[in-house]
Amino acid sequence: MAHRYTEEQLNTADKSLLIQIIMNLQDQTESLTKEVHELDNKMQLMLEQLVLAKKDRFGRSSEKMEDAVQIRFMEADGNIVFFNEAEAVCDPDAPEPEDLAADKKRGRKQSGRKEEDLSSLKVNIIGHYLSDEELVREFGEKGRKQLADTISRRYKSVPASAEVDEHHIGVYASKKDGHMVRAPHPKGLLHGSPVSSSLAAAVMNAKYVNAVPLYRLEKEFERYGLAITRQNMANWMIRLSGEYPGLLYDNLHKLLYGYHVIQADETTCVVNRDGRAAGAKSYMWVYRSGHLYTDRQIVLYEYQKTRNASHPRKFLKDFKGICVTDGYQVYHTIEKEQEDLQIAGCRVHARRKFNDALEQIPKKEQKKTIGYLVMKQIQAVYREEGKLKDLSSEERLKQRQVVIKPLVDALFLYLKQNEPGIQAKGKMREAFNYALNQEKYLKVFLTDGDVPMDNNASERAIRGFTVGRKNWQMIDTINGANASAVIYSIAETAKANNLKPYEYFEHLLSEIPKHMDDHGLAFLEDLLSWSPELPEHIRKNK
């Protein structure tokens, strides 16, 4: 017998079925909504990446320190120009040239002493001879004979020209026992090499200040009549950096620990032959004195294979004070390990992340966003801080507490109030997370007038390296990377103290060799880039 439903039962069944259908539709709708939301997030991330990639490739950004118009030079034979041609083309066994004058015609080698054709170069003859009294004391009255002078050439670099300093050194011999004596004369920079302090300084300035590849410098010297190969220049840079500027570098390293505030940063590089797989990243670290110490600034480069915590841990082991860095976690780890170390954050990194987030939004819509209001608040902090640059540390701290601290507190309150409404993924979320996670470190500058509110000075200090990197692309050897770190350090320290790098290099290479037999390093005090004993022509007109 067929089951008969009452009207009430049918109505109940219909309602149950309808409810089930509605519930199923709700589940499906929620699932579809979730899928659409996830797809929307993925599309948003893809659009952000596309916009940033396009901006990095074609646009200009006030937040970026790299110079986007630098050209990547190539060798004439098509090979990549290494950063350290000073290592890549270095050949320790390559013979030092007897003469640097470029011969117009290379004929068969003449027997006997070679007479170089120096007609195209100005020659300054500088005599070094013993006085009659000194000769009498050495050989007795009429007990000597004059021999042919020993000639030692030192090639000088003069802007847009080249000259030769030809040292004529008196040589004397005894008529009785044949012993000989030479007149006192300055020793060469490198044994067996004709390089002078001015020529070496010219190579250092071109390579490490102006980022000129050695193969181009070789051609430039050739135009002025000097036959200097890139191998010669490479050998000079490596040998000189260890013998002379290296002494000053070590001294500056010790002096840096005496500062209350220092700053740190690092950038990538590739070392061709460091025992690892091709293309493995290496790092050039930079440590510098806090840039608010305007009178005695120090900038030091340090090459390391990796970016792990062991390197700053070792460098900062004996440092007691505040170190300003970006948000790299290893510094925070080291801060927990060292009682006398405090880490301060970089506000420009926070600003940069919000700027990147705003780049994803059409300009006409930007003013309606939370990110725009955050950027305006950050700009207000920078505007007020800019008014304090000429104050003393104590007065700057007072003004920060009165004027800037309320702005900073209001900014972080605004971030915390609006954080829940920010999408879970995307550039704006990254910006919020960075700022809120770094709050403790970004407020350190409010407690100490010597602490800068960002790490821009470190980025500027490492800029010479990053600009040059576009020309050489990779370093060839570890020794070369260490040598170049020394030369870059001297150059950047000179620039930070308003010195002319070329003149400073020449002065160091002229003065340090005079003290190589000293029992101590006290002479380095007069060679520091802020020393009042430096010649006035080295100082840059402010």
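The analysis underlying the following values was restricted to heavy atoms, covering all of them including side chains, and did not include hydrogens, waters or symmetry mates.
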Quick one: [atom1] on [X] to [atom2] on [Y], what's the gap to the nearest 0.5 Å?
X: M428; Y: N418; atom1: CE; atom2: CG; value: 10.5 Å
X: T447; Y: R400; atom1: OG1; atom2: CZ; value: 9.0 Å
X: E459; Y: C346; atom1: CD; atom2: SG; value: 6.0 Å
X: Y331; Y: Q342; atom1: OH; atom2: CD; value: 16.0 Å
X: S484; Y: M237; atom1: OG; atom2: CE; value: 9.5 Å
X: K427; Y: I422; atom1: NZ; atom2: CD1; value: 15.0 Å

Does a side-chain heavy-atom distance below 4.5 Å link [X] with [Y]?
X: L247; Y: H515; value: no
X: P501; Y: K495; value: yes
X: L509; Y: S196; value: no
X: V408; Y: R347; value: yes
X: H537; Y: E503; value: yes
X: L436; Y: K416; value: yes
X: M204; Y: V209; value: no
X: V403; Y: K387; value: no

With a 3.5 Å distance limit and no angle check, can you tell me whether [X] reaches the backbone of [Y] through a side-chain donor-acceptor pair?
X: E492; Y: I487; result: no
X: T493; Y: I490; result: no
X: Y382; Y: V348; result: yes
X: Q401; Y: L446; result: yes
X: Q360; Y: D356; result: yes

Evaluate N205 against V212 for side chain to side chain contact (heavy atoms under 4.5 Å, CB included), listing each step before the verdict. CA-CA 9 Å; N205 188 66; V212 179; over 6 Å; no
Over 12 foreign heavy atoms within 6.0 Å of [atom1], [X]:
X: K500; atom1: NZ; result: yes
X: E339; atom1: CD; result: no
X: D295; atom1: CG; result: yes

Between [X] and [Y], does any side-chain N to carboxylate O distance fall below 4.0 Å?
X: K405; Y: D409; value: yes
X: R351; Y: D454; value: no
X: K443; Y: E439; value: yes

Evaluate side chain to side chain contact (heavy atoms under 4.5 Å, CB included) for L300 paired with V286, printing each intermediate quantity in order. CA-CA 6 Å; L300 295 181; V286 65; over 6 Å; no
When Y488, Y301, F505, Y502 are each screened for ring pair (Phe, Tyr, Trp, His ring centres under 6.0 Å) with Y208, the one that passes is Y488
Of Y414, F412, F354, the residue whose pairing with F432 passes ring pair (Phe, Tyr, Trp, His ring centres under 6.0 Å):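 With F432 as partner, ring pair (Phe, Tyr, Trp, His ring centres under 6.0 Å) holds for just one option, F354.
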Pairs under 3.5 angstrom only: tabulate donor-acceptor contacts from the side chains of residues 366-375 to other protein residues two or more places apart or in another chain.
residue: Q366; atom: NE2; partner: L358; partner atom: O; Å: 3.0
residue: Q366; atom: NE2; partner: I361; partner atom: O; Å: 3.1
residue: K368; atom: NZ; partner: E365; partner atom: OE1; Å: 3.4
residue: T369; atom: OG1; partner: Q366; partner atom: O; Å: 2.7
residue: T369; atom: OG1; partner: Y372; partner atom: N; Å: 3.2

For [X] versus [Y], what's the shortest heavy-atom pair and its separation?
X: A264; Y: N455; result: O-ND2, 2.7 Å
X: P452; Y: F445; result: O-CB, 3.9 Å
X: N456; Y: R352; result: OD1-NH2, 4.4 Å
X: I334; Y: A309; result: CD1-O, 3.8 Å
X: L407; Y: A380; result: CD1-O, 4.1 Å
X: Q338; Y: L316; result: NE2-O, 3.0 Å

Which residues share a ring-ring contact (aromatic ring centres under 6.0 Å, His included) with Y293, sequence neighbours left out: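 For Y293 the ring-ring contact (aromatic ring centres under 6.0 Å, His included) partners, ignoring immediate neighbours, are Y259.
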Can you list the residues that meet the ring-ring contact (aromatic ring centres under 6.0 Å, His included) rule with Y441, with sequence neighbours excluded?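 Expected list: H332.
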Enumerate donor-acceptor pairs with a distance under 3.5 Å from any side-chain N or O in residues 317-327 to protein atoms, sequence neighbours excluded.
residue: D326; atom: OD1; partner: Y328; partner atom: N; Å: 3.0

For A457, give me all partners under side-chain contact (heavy atoms from CB on, under 4.5 Å), at least two apart in sequence or on another chain. Q263, R288, H291, R460
Criterion side chain to side chain contact (heavy atoms under 4.5 Å, CB included) on L256 and S289, from CA distance to verdict: CA-CA 7 Å; L256 188 62; S289 53; 4.1 Å; yes
Any side-chain donor near an acceptor of the partner, [X] and [Y], under 3.5 Å:
X: R429; Y: N433; value: yes
X: H260; Y: D448; value: yes
X: Y283; Y: T306; value: no

Give the C-alpha distance, both sets of side-chain angles, the deciding distance and a yes or no for side chain to side chain contact (heavy atoms under 4.5 Å, CB included) between I404 and Q399. CA-CA 7 Å; I404 297 180; Q399 292 299 313; over 6 Å; no
Show me the donor-acceptor pairs, under 3.5 Å and distance only, between side chains in residues 520-533 and residues at least two apart or in other chains.
residue: S529; atom: OG; partner: N497; partner atom: ND2; Å: 3.1
residue: S531; atom: OG; partner: D526; partner atom: O; Å: 3.2
residue: S531; atom: OG; partner: E533; partner atom: N; Å: 3.1

Parallel, tilted or perpendicular, judged at 30° and 60°: which one describes the rings of Y249 and H253? perpendicular
